[in-house]
Amino acid sequence: MILLQLAADGLLLGAVYALFSSGLTLIWGMMNVINFAHGDFVMLAMYVAFFAFTLLKIGPIFFVPLAAMALFGLGVLVYVALVRHVMRGPMLAQILSTFGLALFLRYAALWAFSANFVSLPDNLVGGVYQLGGIRLSASHLLAGGTALVLTLGMHLVLTRTDLGSRMLAVSEDRVAASLVGIRAERMQALAWGLGAAATGVAGGLIVLFFYVSPEVGNAFTLLAFVTVCLGGFGSVPGALIAGLLIGVIESFSAYWLGPATKDVVVFALFVVLLWVRPQGLLGRA
Amino acid sequence: MRASLRRVLIAIAILLAIAPVLTQDAFYQRIAALVVLAAISASAWNVIGGYAGQVSFGHSVYFGIGGYAALLAFTKLGLPPIAGAPLGILASFVLSAIVGLPSFRLRGHYFSMATIAIAALAGLLVTNWGYAGGAIGLMGPATPRSPADLLFRSPLPYYAIFLVVLAILLVLTWWMERSRMGFYLRAIGSGERAAASLGVPIRRYKLYALFISGAFTALAGSLYAVMIGFIDPDSGFGILVSVNMVVMAALGGAGTLFGPLVGAIILVPLEETTNALLGGGGTGAAYVAYGVIIMLIARFSPGGLAQFLPRIAARKSPRAA
Amino acid sequence: MSITRRGILAVPALAALPAMAEAAAPVRIGCIEPLTGNAGSAGQSIKQGITLVLDIINTPHPDLAPLPLAATSGLPRLGGAKVEVIWADNQGSPAVGQSDALRLITQDHVVALCGAYQSSITLTASAVAERYGIPFVAGESVAANLTQRGYKWFFRTTPYGPDFGKLYLDFLAYVAATGLAVGKIAIVHENTDYGTSVAGSITEAAKARGRTIAQTISYNANGTDVSPQVLALKNGKPDVVIFVSYTSDSILYMKTFHTLGYRPPIVIGDDSGFSDPAFPKAVGNLAQGALNRSAFVPGKPDSITYKINALFKQETGRDLDDTTARAMQGFFVLCDAINRAGATAPDAIRAALAATDLPASRLMTGYKGVKFDSSGQNTLAYSLVIQLQGAAYVPVWPLAEATAKLALPFKGWT
Amino acid sequence: MLLEARGIVKTFGSFHAVDGADLTLAENELIGLIGPNGAGKSTFFNCLAGEARPTLGKIRFRGADVTALSSAAHAGLGLARTFQVPIVFEGMSVRENVMVGAFLRHPARRRAEEKADEVLEFTGLAAQADMLATALGTAGRKRLGIARALATEPILLLLDEALAGLTSAEMEGAIALVERIHARGITLVVVEHIMEVIHRLTRRVLVFNQGRVIAEGTPAEVTHIPAVIEAYLGRRAQGSPESRAP
Amino acid sequence: MSEALLRVSKLAVHYGDLVGIAEVSFEVEEGAVVALLGANGAGKTTTLNALAGLVRASGGTILWRGERIEERSAHEIVARGIALAPEGWRLFVQQTVEQNLRLGATALAERARLAPLLERVFSLFPRLAERRRQSAGTLSGGERQMLAVGRALMSDPKLLMLDEPSLGLAPSVVDTMYETLGRLSAAGLTLLIAEQSMELALEIADRATVLQTGRTVLSGTAREIAENPDLHRAYLGAAF
């Protein structure tokens, strides 16, 4: 029973990892640009959701989409103002630019919102559900479930709609894409927007059960990198599988080996996988 | 053109050497010492990250190893901390061989990711390693037992020691830059395929570069631990430790002899003074400015500040037919 | 431990400080706190607290009369000189903390230092103070090694690790006497220096009494899920769970207890996260009966502590937490010593600090007094056991200080 | 025999880029490798240079099996190459670029520099020696590619479209350079699109089509072989064109 | 004669300082089939890429139905009715056949016409209809060529440009492809075909232009070109 409980917890959390990582993988896969500010995008989304609740008194049904929209705007802005100019430059410049962005966002948030930890009231999405012997909190269920649905949704949008097909076309072959009339720049801006929006949703969901502070993004950036590498750059289903896998691995290794070592297990697996199969689980060679 | 450029930079270096002596102010002397310390690790990073073009984000591993070696030598063996430095360097060689070889097969972002992950892993392992103080870290000698403990009230002796190490590293780099090794590394960084076609044994030279780079980074870590008197997983293995090396080198110009030093000369005082002026307000304004500056550099001068110099040189040269 | 020789680097204290030139020139004290970074929240709160203390010292507050320097304006024995604080952000880095200390001493010519929240930074910053012969008062750092260095210029007012271990074991002995089982103790601690060192101190205190800790769980505080830890506890069935946790993780534990339907009989939180005002606000309804240690409780409406808390709340909208209160207490002690020294020469201040003997009645925290041993540790530092009952914590032990009755076992939620 | 490649096959997935090609080279030969786009010339060339490992087949250089050796090892044995799109080492001067090659035989800087200067003189780049290599034009870059390869003191030099994209004046200079290299006793394999160049430079050409050598002979001979004309001009090329009436 | 649909005058393209084409001039009249001939590296692909807006012309003009388009970008040109089936096909191999075709219709203003256009492609190339759900990466060479042409047709172009449609294909596949091109031409579509395989191109073409090292060296009707003795020189060099 404990094993089932561990698996269930791991999967729910893993779904959230998958959602914010799929935002990163979209950007990364399409443009080969690493976004070091990704965790800080999550942080901003959490603040948007938090203030939407405290100032506008709106619940998750409204603040999650609001966070998504806000982050969509941010993503497009970052692309247009910064990334567009550095993406063809040396790799070091790309790294510097998003690293500078991360610092800027984190400390602008500190300036604006102070260093205090804030959180939404616990009873916002309250209650505990019992399935067989497994007990799951409503907020985790909502977050995990929504994340799962949205990650799958994103995969469907990419593979089943004209828009998604155009975005994939740009990432596959920019020249051929422009030949059939696709505006590559727009698609890339859109990819940043959508990637950031997915992150926005993830932030809006995480805030249901986790604290917000300007530093909170730190933990997410590295996790998203691992998830994306593991899943294969640019692969949304890869990010989903990797996210769930990491959630479950963390859950079990925390139980068996001690919670302090769960990250050791994740990183060690990651390094070895990178050495052995750099293209990730579902990536192409 | 380039020779006169070098002369100017050497003049700057000499100025740097005597600058702290000109001020009686210990705080400015300390900033000078920190500049040189940062320049050591950034210049060390530059050997593999700049010249050979392998953007490592995991050099904190070497820094941490050096720092821990120094303070383990003190806490476990009762030696002066600096006596641990050779052990740190030795450990850095072993690590380079174990970690470098498999990682060198990876290109571009994949290599960077692998180095980040390895550094994160090392940090976690040390955090959980009770013998080395775990999360609490290790403390240096509280009061000097002998001059060998290198505990000074004035920052000047540290400055002098760091400057000697930096000078050794820069002379080594300068010599390397002019020797076969330097040519090979730059060729590798510029295009591995073309380099291989000219008979450059790529992995071997990457490994040599990592040996030098790692050893000096470890030495910088030891010196840091000696001066600060404390090391913990975060100050030794934290990702910011790596990032600082990269940012300084990139700012001044990665793959140039004095680029990392220039980066350190700009960034360390910038950090220290913004913290002195704005830090007390606690608004994070210093970092906001820092972030904006980095973004601007990346956007408008992707090759670092040194980029401007050869640009001018190139513009003045006649074009070949 | 005796005051050691200061060795080859000892220098005469800086003689002529500007503060001496004019009688009423302000007295400058340097405060190094984490104003940004991971611990920014705590550092900012301490800054607000000490700013309040400054106001109490610099302007007359007759209603707070028992507190040193409250009734008067400024430092009477220095001609009513005002106290001024130069703030420095340690950014969570030991190296930055050291730069801060040096800058405050050599540039700002402060007469004393206080801070620096994180024990690691207190360690490196106080080393600079030691080399320069400037007094350093730590009001909030609890790592045991700070006062084991043989430093001459370092003083600590707060109780530290071993004190906590002793407190918990004394308390558990009392609980055992009431008939509840306390045989199996589990410690759950976050794995940075705070959690590791406090957990170590508790384990050692237990060992000193011939007891063992049944289960120790170390975890990373910035994880988003703690269910594996809770499941491991559920499996281990301890009688007592002691948490050494930060805010977000403390809240997660209480939520996860609820989710997984687990109620250990006795839950003790070691200050930090459990003391954050956000904790009762977020999970007060899930953590009923949780115990905590604190050196500060607002107390009855006309008490000094109550009034100070009211002033703090007026400024910040929050109740005063234990960490901030301990930092404020340290600052009070430092200012009192400077006043008693009647001079700002470091030697004089050091001598006054060493001679400090404040009774409990003149403190804003629940210490039994302030009196330093030769290592600089306050031998009278003390904490209370408090319990979350309803919306707030109330002192429940030792019985002499209790305002409410201890209610066990841990109820959690209804 | 200097170089002998037997039954070289290189597949990418199910695609046979090279499908059983043979080549033998005698000392101091200068041969051309021609064929339409996608004929497999480049892949075959990469196999010879050690950059791609053949799926099947064997390559012997001066009697030693070099099939599985790296491209760096090929260079060490005296088998150098140039690239169709020249890769110059950024941030280095023209001389420094050439020195990278020269260091292979001359580890000491001074000797490498002398060697580089000699090669620069030989290739007509001496005047640009101190320029940043990135400032060179296309012709200069191609010439630099040749100079760098020459600095490794090769026995056999593989030139990959060293003349494509040059103006006619530049081309004359390049042809003269190739002839001078040959005159030094270096064996050359030249991949080239421009038939005029092939006609002028080579005595023997191999014609590639669909991964195989379909013809071999003097340039004049092969251009009369129907299979070659077909490969180049299309099927039934010698038949009467039946264009649609306008 | 009416005004030409497309008029290319003195077109030049440079890649950095590498000469792509130096001076290319020709005309394409409405409904005609024009062959662009020349050896490897003569500049055929560069010419087509410049017409499609993939590379920027560094000199000369391109007049399309009286409008200068040499400054236009690719998506604007395809919207004006010029489509290119590029060299090497450049399919989106990770997507299905149908997705590739739908992508071809990106520039189509009236989405309602997508379905009939798709039907037209499927009736021209029944093989594609059979494999519409298959990923383009699994197609054979001939099928890829069909898909490349089909994708270009999905934008409902006035002018279809093909870059080496016979390259690397089996003879029977080439025959089918050219048959289909003939049908498209008969239906009124204007075609510009770059071919190395002169014979094939001249079979279908009305007019032809021969390029050599980036310049137009011959222009005329297909018959004139086929019978011109200079043609072999352009391909196989001076020895003839």
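The structure presented is a predicted model; accordingly, all values stated were derived computationally and were not measured. Letters go in sequence order (proteins before strands), and every chain restarts at 1.
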Steps toward side-chain contact (heavy atoms from CB on, under 4.5 Å) verdict (A:Val16, A:His140): CA-CA 9 Å; A:Val16 180; A:His140 273 83; over 6 Å; no
From CA spacing to verdict: side-chain contact (heavy atoms from CB on, under 4.5 Å), A:Tyr17, A:Leu13: CA-CA 6 Å; A:Tyr17 293 170; A:Leu13 202 63; 3.2 Å; yes
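Chosen from C:Gly261, C:Ser41, C:Ser45, C:Ser218, the residue pairing most often with chain A at heavy-atom distances under 4.5 Å is C:Ser41. For the options C:Leu260, C:Asn191, C:Asp276, heavy-atom pairs under 4.5 Å to chain A are most numerous at C:Leu260.
Note: A:Phe220 and A:His38 fail the aromatic proximity criterion, with ring centroids not under 6.0 Å apart. Between A:Phe225 and A:Phe36, a ring centre-to-centre spacing shorter than 6.0 Å is recorded. Taking the six-membered ring for Trp and the full ring otherwise, the centers of C:Tyr253 and C:Tyr219 sit less than 6.0 Å from each other.
Taking the ring centre of C:Trp413 as origin, the terminal cationic atom of C:Arg263 falls inside the region bounded by 6.0 Å and 45° from the ring axis.
With a 4.5 Å cut-off on non-hydrogen atoms, A:Ser114 does not touch chain C at all. Looking at A:Leu223, neither its backbone nor its side chain comes within 4.5 Å of chain C, counting heavy atoms on both sides. Interface remark: C:Asp225 contributes backbone and side-chain atoms alike to the contact with chain A (heavy atom separation under 4.5 Å).
Contacts between residues 229-246 of chain C and chain A, defined by a heavy-atom separation under 4.5 Å, are made by C:Gln229, C:Leu231, C:Ala232, C:Asn235.
Salt bridge status for C:Asp271 with C:Arg326: present, with a side-chain N to carboxylate O gap under 4.0 Å.
Judged by distance alone, with hydrogens and angles left aside, the side-chain atoms of A:Ser251 form a donor-acceptor pair with the main-chain N or O of A:Leu6 at under 3.5 Å.
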